[in-house]
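Throughout, residue positions are numbered sequentially from 1 according to the sequence presented.
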Amino acid sequence: MGALIEMQAVCKDYRMGSRLVRALDRVDFTVNEGEMVAILGPSGSGKSTLMNLLGCLDTPSAGRYRLAGQTVEGLDEGQLSRVRRRQVGFVFQGFHLLPGLTARENVELPLVYRGMPERERARLVEQSLALVGLSDRMEHRPAELSGGQQQRVAIARAVAGRPPMLLADEPTGNLDQSSGREIMALLHKLHRAGHTVVVITHDPAIGAACPRRVRIEDGRLYEE
């Protein structure tokens, strides 16, 4: 399989007053299609900055980033938004579900933004909710679901558009231990089904369960 993520000498700088802070320092990182990778690091290590670049929420200050063959550095916000919609499925610690929408409507919304026809949207939403075991909760709103079920809805939303990459940022951070294990089991199931999964975490136990691990410290990436 080919490379899905290709980073070469990527740097990210932020200006804090008169001081320039380097959050990422010449990062080289490649992820092939179908891999599952954990990026481990403590708070302040640069992992959130790396996640923002991987997910096309930001662009590098220097270096090269190609996602699914497309050069990302230099894109404007509109172009980045289009890349995100097509190439990245996000799973966040805080679920980010809209409280007034049902599970079905939350999963469907990104497909609406993509201009997908209604019949195709309905098919993909049903398939995705079935994949995460929530076919019987499609018409429930987030407040009517447990934390684990809400994260399952978020995962269904992330995979519904069939993006090449699933990017999970601390996906078990708001869950109890049992629900967290269920969510990680689901991410492993998606990996076995062929999805490329990148997990950002500070939890060594989650990292240890992933087939490949890299560690970020002081803005530099190290392969374990």
Side-chain angles (χ1 to χ4, degrees), residues 3-32 35-96 110 151 154 158 163-175 180 184 187 196-210 212-224:
L4 178 64
I5 292 168
E6 298 172 272
M7 283 187 164
Q8 297 176 342
V10 164
C11 300
K12 185 62 183 179
D13 299 327
Y14 295 102
R15 186 162 293 281
M16 299 181 68
S18 60
R19 191 163 61 99
L20 196 66
V21 176
R22 174 148 290 186
L24 291 180
D25 188 10
R26 296 187 61 81
V27 166
D28 293 321
F29 186 42
T30 299
V31 177
N32 291 323
E35 275 198 279
M36 184 174 189
V37 186
I39 300 173
L40 292 134
S43 177
S45 61
K47 67 180 188 297
S48 294
T49 300
L50 179 58
M51 187 213 72
N52 288 339
L53 295 186
L54 289 171
C56 299
L57 296 164
D58 203 352
T59 54
S61 302
R64 182 185 182 204
Y65 178 30
R66 287 170 63 86
L67 176 59
Q70 180 171 1
T71 299
V72 173
E73 71 272 10
L75 296 184
D76 61 33
E77 182 49 47
Q79 293 168 323
L80 284 174
S81 179
R82 286 190 288 275
V83 172
R84 286 195 299 270
R85 285 200 299 267
R86 297 284 179 179
Q87 307 292 354
V88 187
F90 290 96
V91 180
F92 294 106
Q93 177 176 338
F95 315 144
H96 291 192
Q151 191 63 297
M165 175 170 61
L166 186 61
L167 185 58
D169 181 27
E170 301 285 5
T172 65
N174 279 350
L175 303 176
M184 286 309 300
L187 292 176
T196 305
V197 182
V198 178
V199 180
I200 316 289
T201 184
H202 70 280
D203 188 339
I206 290 176
C210 293
R212 179 184 168 200
R213 292 166 297 282
V214 298
R215 179 167 294 279
I216 187 165
E217 295 177 4
D218 297 325
R220 295 190 174 187
L221 208 64
Y222 304 91
E223 194 88 27
E224 287 198 350

Requested in this report: Go through the steps to decide whether Val91 and Asp169 satisfy the test side chain to side chain contact (heavy atoms under 4.5 Å, CB included), and finish with yes or no.
Outcome: CA-CA 6 Å; Val91 180; Asp169 181 27; over 6 Å; no
Requested in this report: Give the intermediate values and the outcome of side chain to side chain contact (heavy atoms under 4.5 Å, CB included) for residues Met7 and Leu50.
Outcome: CA-CA 10 Å; Met7 283 187 164; Leu50 179 58; 3.7 Å; yes
Query - Evaluation steps, side chain to side chain contact (heavy atoms under 4.5 Å, CB included), between Arg212 and Val31 - result: CA-CA 10 Å; Arg212 179 184 168 200; Val31 177; 4.1 Å; yes
Requested in this report: Kindly determine whether Leu54 and Ile39 satisfy side chain to side chain contact (heavy atoms under 4.5 Å, CB included), including the steps that lead there.
Outcome: CA-CA 11 Å; Leu54 289 171; Ile39 300 173; 3.8 Å; yes
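In this structure Gln93 satisfies the side-chain contact (heavy atoms from CB on, under 4.5 Å) test together with Glu170, Asn174, sequence neighbours excluded. Looking at residues two or more places apart in sequence or on another chain, you find no salt bridge (Lys or Arg N to Asp or Glu O under 4.0 Å) involving Asp218. Shown here are the side-chain contact (heavy atoms from CB on, under 4.5 Å) partners of Arg15, two or more places apart in sequence or in another chain: Leu20. A search for side-chain contact (heavy atoms from CB on, under 4.5 Å) contacts involving Ala209 returns His188, not counting sequence neighbours. Not a single salt bridge (Lys or Arg N to Asp or Glu O under 4.0 Å) links Arg85 to another residue, sequence neighbours left out. In this structure Arg86 satisfies the salt bridge (Lys or Arg N to Asp or Glu O under 4.0 Å) test with no other residue, sequence neighbours excluded. Contacts of Ala9 classified as side-chain contact (heavy atoms from CB on, under 4.5 Å), with partners at least two apart in sequence or in another chain: Arg26, Asp28. Qualifying salt bridge (Lys or Arg N to Asp or Glu O under 4.0 Å) partners for Glu217, counting only residues two or more places apart in sequence or in other chains: none.
Applying the side chain to side chain donor-acceptor pair (under 3.5 Å) rule to pairs touching residues 40-63 yields Lys12-Asp58, sequence neighbours excluded. Evaluation of the salt bridge (Lys or Arg N to Asp or Glu O under 4.0 Å) test over residues 60-78, restricted to residues two or more places apart or in two chains, returns Glu6-Arg66, Glu77-Arg84. The ring pair (Phe, Tyr, Trp, His ring centres under 6.0 Å) pairs that include a residue from residues 61-91 are Phe90-Phe92, where partners are two or more places apart or lie in different chains.
Smallest separation of non-hydrogen atoms from Pro163 and Ala158: CG-O, 3.2 Å. Shortest non-hydrogen contact noted between Gly219 and Val27 is O-CG2, 3.6 Å. Minimum heavy-atom separation, Gln79 to Gly74: OE1-O, 4.4 Å. Heavy atoms only, all atoms of each residue included: Pro204 and Leu40 are closest at CA-CD2, 4.0 Å. Residues Val10 and Pro60 approach most closely at CG1-CB, 3.9 Å, considering heavy atoms. Residues Pro171 and Ile200 approach most closely at CD-O, 4.1 Å, considering heavy atoms.
Atom CD1 of Ile5 sits about 4.5 Å away from atom CE of Met165, to the nearest 0.5 Å. To the nearest 0.5 angstrom, Leu167 atom CG is 8.0 Å from Leu57 atom CG. Of the inter-residue distances, the one linking His96 atom NE2 with Gln151 atom CD reads 9.5 Å to the nearest 0.5 angstrom. For the atom pair CG of Leu75 and OG of Ser81, the computed distance is 11.5 Å after rounding to the nearest 0.5 Å. Expressed to the nearest 0.5 Å, how far CE of Met184 lies from OG1 of Thr201 amounts to 7.5 Å.
When Ile216, Leu24, Val37 are each tested for a side-chain contact (heavy atoms from CB on, under 4.5 Å) with Phe29, only one passes: Val37.
No side-chain donor-acceptor contact under 3.5 Å links Glu224 to the backbone of Arg215.
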